[in-house]
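Since the structure comes first, as structure tokens, the remarks are kept for the end.
Below, read A as the first sequence line, B as the second, and so on, with proteins coming before strands; counting in each chain starts at 1. All heavy atoms count here, side chains included; hydrogens, waters and symmetry mates do not.
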2 protein chains.
Amino acid sequence: MTMKTMKQRVPGHDCMRSACPVSSVLDIIGDKWTLLVVRDLLFLGKRMYSELADSMEKIPTNILADRLKKLEAANLIEKKPYQDKPVRYAYTLTARGEALRPVLIEMATWGNEYIAGTVKAPKEFMER
Amino acid sequence: MTMKTMKQRVPGHDCMRSACPVSSVLDIIGDKWTLLVVRDLLFLGKRMYSELADSMEKIPTNILADRLKKLEAANLIEKKPYQDKPVRYAYTLTARGEALRPVLIEMATWGNEYIAGTVKAPKEFMER
DNA sequence: TTCAGTAACTTGCAAAATGCAAGTTATATT
DNA sequence: AATATAACTTGCATTTTGCAAGTTACTGAA
């Protein structure tokens with residue numbers, strides 16, 4: 001038996017606006033912050049809450065906490081303690097979350113081509 | 001002299017959150033509705049306000065009007081009258097707007113692969 | 001010639017989301 | 001004992017969203 005990719009409805013988003021894949025994706029990541037958290041985990045090697053909190057864009061901490069909860073509920077990230085006493089957590093992308101890479105790459109490509117003042121994304125980020 | 005692609009700062013968004021291309025793109029299209037309008041123009045052949053207004057997702061008309069204004073300000077779409085008496089308008093994507101196609105395609109690909117209940121995007125939409 | 005119909009919006013208002021600063025809890029270090 | 005760090009939470013004002021209804025300018029049918 002071969003393992004297929006898991007499709008799943010995401011809790012809190014079981015009220016899809018339509019069956020269109022684009023709209024369903026936007027139901028999950030359609031705001032100004034969610035994909036920046038994914039970017040930090042995927043390209044910038046961040047794992048801790050405090051690392052995510054000091055993003056370039058200065059994400060408010062209440063928004064960060066909210067997005068981490070939603071990303072976990074949507075199974076795009078996992079939260080795991082990496083030490084006890086005191087307990088500290090690491091956030092990591094799931095396969096589902098990492099699979100957003102091409103979306104991020106195309107967005108960065110478009111941004112670099114059409115928005116003045118953007119810094120060119122390192123080419124090692126732009127592969128695959 | 002060869003024509004290069006025009007980069008431009010977008011009015012109303014000249015306060016970029018950062019120079020990151022991803023965040024700058026999200027400054028423009030980072031919400032639940034904007035890319036659905038682009039989808040309708042790019043893949044579904046819609047041009048008129050009333051066509052856009054009866055989207056699958058039932059976009060509220062005040063949101064639609066607002067997004068059309070912002071998309072025009074960002075130079076992603078153009079609004080042109082296609083008849084007088086009474087004057088009626090057609091909205092069309094600029095090259096800048098059409099260039100979002102790969103982003104939409106990657107989003108649809110991800111949605112189809114990872115979200116149950118999404119309808120598979122027609123393969124003629126998924127090329128280039 | 002009045003009347004329903006269509007296109008393209010705008011307005012009002014309640015509800016939800018966002019943004020900022022400050023507070024909290026549990027430990028570790030000095 | 002005092003300060004620091006990680007990971008959040010809370011309060012509150014402002015902004016954005018969503019829904020319904022209203023508006024303007026015509027067109028075509030009765």
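- Computed from coordinates, the Glu57(B) CD to dT17(D) P distance equals 16 Å when rounded to whole Å.
- Annotation: of the two residues near DNA chain C, Thr61(B) and Asp31(A), the 5′-most nearest-nucleotide partner is Thr61(B).
- Between chain A and DNA chain C, the heavy-atom contact criterion of under 4.0 Å yields a 5' to 3' nucleotide range of dT18(C) to dA28(C).
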Give me, pair by pair, the N or O atoms of the protein and of nucleotides 27-30 of chain D that are less than 3.5 Å apart, along with how far apart they are.
unit_1: dT27(D); atom_1: OP1; unit_2: Lys85(B); atom_2: O; d: 3.0

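- When each of Arg17(A) and Asp66(A) is assigned the nucleotide of DNA chain D bearing its nearest heavy atom, the one mapping closer to the 5' terminus is Asp66(A).
- Rounding to whole angstrom units, OH of residue Tyr91(A) and C1' of dA6(D) are separated by 11 Å.
- Salt-bridge annotation for Glu57(A) and Arg39(A): present, with a side-chain N of the basic residue lying under 4.0 Å from a carboxylate O of the acidic one.
- Across the protein-nucleic acid pair, Tyr89(A) atom OH and dT5(D) atom C1' stand 15 Å apart, rounded to whole Å.
- In terms of phosphate contacts, Arg67(B) brings a side-chain nitrogen or oxygen within less than 4.0 Å of OP1 or OP2 of dT17(D).
- Taking atom CG of Asn62(A) as the reference point, atom C1' of dA13(D) lies 13 Å away to the nearest angstrom.
- If you take CG of Asp54(B) and P of dC19(D), they are 16 Å apart, rounded to a whole angstrom.
- Considering only heavy atoms from C-beta on, Val38(B) comes within 4.5 Å of Leu93(B) through its side chain.
- Within the 4.5 Å cutoff, side-chain heavy atoms of Trp33(A) are placed close to those of Arg17(B).
- Take the nearest nucleotide of DNA chain C for Val87(A) and for Met48(B): the residue whose nucleotide is more 5' is Met48(B).
- A salt bridge is absent between Lys32(B) and Asp27(A); no separation between the charged side-chain nitrogens and carboxylate oxygens falls under 4.0 Å.
- Side chains of Lys46(A) and Asp54(A) form a contact here, defined as non-hydrogen atoms less than 4.5 Å apart.
- At least one cation-pi condition fails for Lys79(B) and Tyr91(B): the charged atom is not both under 6.0 angstrom from the six-membered ring centre and inside a 45 degree cone around its axis.
- Each of Leu52(A), Leu76(A), Leu36(A) was compared with Leu41(A) under the side chain to side chain contact (heavy atoms under 4.5 Å, CB included) criterion, and only Leu52(A) meets it.
- A heavy-atom distance below 4.5 Å is found between the side chains of Leu35(A) and Leu104(A).
- The CG-P distance, from Leu68(A) to dA7(D), rounds to 10 Å in whole Å.
- Nearest heavy atoms, Ser18(B) versus Ser23(B): OG-OG, 3.0 Å.
- Here the P atom of nucleotide dA7(D) and the NZ atom of Lys46(A) are 13 Å apart, to the nearest Å.
- The OH-C1' distance, from Tyr82(B) to dC26(D), rounds to 12 Å in whole Å.
- Annotation: of the two residues near DNA chain D, Lys58(B) and Arg88(B), the 5′-most nearest-nucleotide partner is Lys58(B).
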